[in-house]
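Here the structure is laid out as structure tokens; the discussion comes afterwards.
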Amino acid sequence: MGALFSAYHLWYTVWHETGTEKIDCTCHIRRGGRCVAAFERAMKKIALFAFAGIVLLLAGCAPAAQSSETFAMDTVISQTVYARDNSILIQNYDTIRALEDSMSKTLEGSDVFRLNHAGGQDVVFSSAQTAQALTGCLELARQTGGAFNPALGGVVDAWGFGTENASVPEQSQLERLLAEAEYTQVRIDGDAVNAGKAQIDLGGAAKGYALDALKITMDEAGVENALVAVGGSVYARGGKPDGSWKVGVRDPLGSTADFLAILELADSCVSTSGSYERGFTEGGVYYHHIIDPQTGYPVQNGLISVSVVDESGLKTDVYSTALFVMGLEQGLEFANSNSIDALFITEDKKIYMTDGFQYEFELINKDYQIEG
Amino acid sequence: MKDKLIKPSDIVFTAVIVAVCILIWFFALPKAQGGVAVFRLDGEIMAELPLQENAEYEMSAAYTNLFEIKDGCVRVAYTDCPNHQCEKTGAVSAAGASIVCAPNRASVTIEGEGGQVDAVTG
């Protein structure tokens with residue numbers, strides 16, 4: 001628009017100004033029938049308007065909202081990034097796809113697949129990021145006393161959540177798999193990893209880790225404002241021109257499009273673990289996908305969702321699962337003593353927040369009640 | 001008059017150009033009245049249908065999703081995907097709401113004015 005403006009003005013000024021001067025010119029210097037003084041004046045004017053045009057042109061190049069919706073990690077990736085073009089959207093998506101390719105449990109040849117099929121032998125990871133994510137997961141597993149367990153892959157596979165073969169496993173099979181689900185026997189030495197008999201599953205951490213990876217790519221690209229959601233894990237970077245990013249907290253008892261509250265976030269991630277995801281019903285009983293590492297069965301403790309806000313996406317992903325497994329009482333205590341900002345929702349529609357959960361929080365669904 | 005760098009005619013001319021620019025910009029904006037259902041398959045926009053008109057739209061890739069627009073809402077009327085998560089979403093109508101079928105990499109998002117949130121965690 002600015003270019004159009006300047007180009008038109010250029011033509012208009014030269015043509016019009018020198019043209020009119022030709023008729024009753026009082027100046028003394030003429031060249032080719034046109035007044036030179038008027039031409040100089042016209043040039044000054046052109047410079048002025050060209051400057052105005054450039055200012056407009058630059059305004060047109062200011063970062064604008066670019067958005068996309070794509071699929072990876074078995075979920076939808078929705079991005080809104082304030083940038084000059086959409087290259088960062090593609091770059092972010094490629095980053096997530098690359099992480100999926102190395103962290104997928106089912107993709108043959110991925111780091112995690114090779115580790116799970118190594119029969120106790122060392123495996124050299126091709127992706128330093130996978131090694132980093134696994135290292136982070138093991139640290140958090142230790143910190144949460146195994147409430148989050150990245151070595152639970154065998155048990156999760158036996159349940160078959162989200163697949164056509166989802167069913168309740170045999171008790172004997174569960175006991176055998178639980179005995180093998182020892183995260184403490186996983187050894188990482190540089191890029192060589194040994195998991196023993198454990199089956200690694202980074203499903204509860206990969207989405208959050210991906211957000212941390214995007215933070216780095218967007219730092220490098222100089223992006224200031226963006227919102228990226230990898231499924232239910234959301235990274236709010238900077239803000240929006242009209243304020244902060246608003247993230248809905250899903251209503252665990254409603255449909256996937258319902259949210260019970262609105263959370264305002266800036267420069268932080270949020271993840272939620274809920275009992276409504278990827279479950280199935282067998283014999284009239286609903287089995288959800290959050291497994292208690294003690295029993296091998298879905299957690300039944302009255303919680304229906306836990307959301308965690310943190311600068312690190314990996315931590316939000318891992319802690320939301322761990323706190324869900326711990327239950328309301330122990331989870332609140334653990335979160336408060338470790339400065340984790342969390343929101344617990346119970347099946348009797350009560351909302352509990354940790355002391356540090358000081359975010360703008362607007363309750364939309366008044367069936368729920370904020371406690372404490 | 002002749003000595004002035006900027007004449008009244010320049011101001012009028014500038015005003016006209018600016019007005020034309022604003023008009024072009026205004027008409028180039030997408031019509032956001034009432035909401036539009038944007039159908040995507042693997043991230044590519046396949047169709048944009050107004051919510052006011054009842055319609056059906058099918059997307060087939062790994063699986064098939066049949067979407068139905070009725071009375072200003074979109075829902076999945078039929079799917080052969082393994083988890084039926086898209087069907088369980090029910091009918092959506094609010095700006096920003098979406099139905100996603102991850103197995104088929106298909107989605108429909110309502111675009112328009114007045115969305116309450118930018119994303120949902122859950």
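Order of the sequence lines fixes the chain letters, A, B, ..., with proteins taken first and strands second; residue numbering starts at 1 for each chain.
- A/Y93 touches chain B through its side chain: at least one heavy atom from C-beta onward sits under 4.5 Å away, while N, CA, C and O do not.
- Residue-environment remark: NZ (B/K88) exceeds the threshold of 12 foreign heavy atoms within 6.0 Å.
- Under a cut-off of 6.0 angstrom, the local environment of CD in A/E282 is crowded, with over 12 non-hydrogen atoms contributed by other residues, nucleotides or ligands.
- Of the residues considered (A/E264, A/K246, A/R250), A/K246 shows the highest number of contacts with chain B, using heavy-atom pairs under 4.5 Å.
- Contacts of A/V249 with chain B are made by both backbone and side-chain atoms, with heavy-atom separations under 4.5 Å.
- For the pair B/V38 and A/E69, the minimum side-chain heavy-atom distance is 4.5 Å or more.
- Interface residue B/R40: only side-chain heavy atoms are found under 4.5 Å from chain A.
- No other option in B/A102, B/S107, B/A119 has as many heavy-atom pairs under 4.5 Å with chain A as B/A119.
- If you measure heavy-atom distances from A/T75 to chain B, the contacts under 4.5 Å come from the backbone alone.
- Looking at A/I364, only its side chain comes within 4.5 Å of chain B, counting heavy atoms on both sides.
- In plain terms, the two heavy atoms of A/F71 and B/D42 that are nearest each other are CD1-CA, 4.2 Å.
- Proximity to chain B is absent for every atom of A/T80, based on heavy atoms less than 4.5 angstrom apart.
- Comparing B/T89, B/V120, B/D118 by heavy-atom pairs within less than 4.5 Å of chain A, the highest count is held by B/D118.
- The environment of CD in B/E58 is crowded: more than 12 heavy-atom neighbours from other residues, nucleotides or ligands sit within 6.0 Å.
- In this structure, chain A has a heavy atom under 4.5 Å from the backbone of B/C101, while its side chain stays farther away.
- For the set A/I77, A/D251, A/D258, A/V76, the entry with the most heavy-atom pairs within less than 4.5 Å of chain B is A/V76.
- At a 4.5 Å heavy-atom cutoff, B/A94 makes no contact with chain A through either its backbone or its side chain.
- Screening A/L265, A/V309, A/V270 for a side-chain contact (heavy atoms from CB on, under 4.5 Å) involving B/T121 leaves a single residue, A/V270.
- In this structure, CD on A/E277 lies 6.0 Å from CD on B/Q85, to the nearest 0.5 angstrom.
- Taken to the nearest 0.5 Å, the CZ atom of A/F161 stands 13.5 Å off from the CG atom of B/N83.
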